[in-house]
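Data block below; observations after.
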Protein chains: 2
Amino acid sequence: MGKAYNIMAATCPSRTVLHRIGARWTVFVVNALEHGPMRFTELKAHIREITPKALTETLRAMQADGLLSRTDLGGNPPHVEYALTDLGRSLLVPLRAVRQWAEAHVPDILAAREQASAEDAY
Amino acid sequence: MGKAYNIMAATCPSRTVLHRIGARWTVFVVNALEHGPMRFTELKAHIREITPKALTETLRAMQADGLLSRTDLGGNPPHVEYALTDLGRSLLVPLRAVRQWAEAHVPDILAAREQASAEDAY
DNA sequence: CTGTATCCCTATGGATACTG
DNA sequence: CAGTATCCATAGGGATACAG
């Protein structure tokens, strides 16, 4: 028995999974929920610059993929909590690494970009 | 001295880095180059379903970010090789983990999606 | 072989306002 | 508080054909 799924196969469903992981805001939501559940407004404040529309769409998609749970605690005003499922927490491991890589290598990337645009000038 | 860069800060340049990492085809190119340099056509064959246009744009962007090198070996027909730089190889670590997560959890995600769409039916 | 050049299209996301 | 509802703009990417 070899590998069941392979990213490099054109029609492999792992591609749709990868596409969801790579979606603009998924990595933000996953990292934001690292330390426990959050409410809609908390997430919005934590992930700055995200619009309610984008946040809603990201949350719905992640919920459909079983990455997070939505708990409506009722009351008025409403109280809804979002939390990572076990599956979502397992995704936290690689995505935290991605986040850390991005934060760690900002200077390298910026330097490379600057040099690339400088070379364009000639 | 605290963390220099933080994904969650609205204007942090790490966001542009993350955006590049999350770009549609970056993860494919990085993983494809894991075991050494490849030529344009090799990459295109390896990453199935990618158009030459998308591949070119991805390669140029990664090159500008210092993630890969492009070596023109001349000749006719032309011979160009793409390889990960040291920086690109460091990105390989987290992105290989992402790839493996995606391939490993296809059944979980597909099951969750099926259940979600089944619930919608009511 | 290694790309460019077009054309087109739709999905993503921003801005804004509003509702239960 | 937790979203919906619109409208809109743009960039990314697909299809196809062609060039050095």
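We use all heavy atoms of the structure for the numbers below, so side chains are in, but hydrogens, waters and symmetry mates are not. In what follows, every chain begins at residue 1, and chains take the letters A, B, ... in the order their sequences are listed.
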To the nearest Å, how far apart are [X] [atom1] and [N] [atom2]?
| X | N | atom1 | atom2 | value |
| --- | --- | --- | --- | --- |
| E57(B) | dT10(D) | CD | P | 18 Å |
| L55(A) | dG13(C) | CG | P | 12 Å |
| E42(B) | dT2(C) | CD | C1' | 13 Å |
| I47(B) | dG13(D) | CD1 | P | 13 Å |

Check every atom of [options] against the side chain of [X] and return the nucleotide holding the closest atom.
| X | options | value |
| --- | --- | --- |
| T56(A) | dT6(D), dT2(C), dG3(D) | dG3(D) |
| W25(A) | dG14(C), dC1(D), dG3(D) | dG14(C) |
| P52(A) | dG14(C), dG3(D), dC7(C) | dG3(D) |
| P77(A) | dG14(C), dG20(D), dC1(D) | dC1(D) |
| R24(A) | dT4(C), dG14(D), dG14(C) | dG14(C) |

Closest non-hydrogen atom pair, I7(A) against E103(B):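 Answer, listing the atom of I7(A) first, then E103(B): N-OE2, 2.8 Å.
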What residues in residues 29-41 of chain B put a non-hydrogen atom under 4.0 Å from any atom of DNA chain C? R39(B), F40(B), T41(B)
Using a heavy-atom distance cut-off of less than 4.0 Å, which residues of residues 60-71 of chain B contact DNA chain C?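 The stretch gives R60(B), R70(B) as the residues lying under 4.0 Å from the strand, ordered by number.
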Using only heavy-atom distances, decide whether a donor-acceptor pair under 3.5 angstrom links the side-chain of K53(B) to the base of dG14(D). yes
Just call it for K44(A): base, sugar-phosphate, or nothing, with non-hydrogen atoms closer than 4.0 Å on any strand. nothing
Looking at L67(B), is its backbone amide N or carbonyl O close enough to the side chain of T85(B) to form a donor-acceptor pair, meaning the two atoms are under 3.5 Å apart?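 Here the side-chain-to-backbone pair exists.
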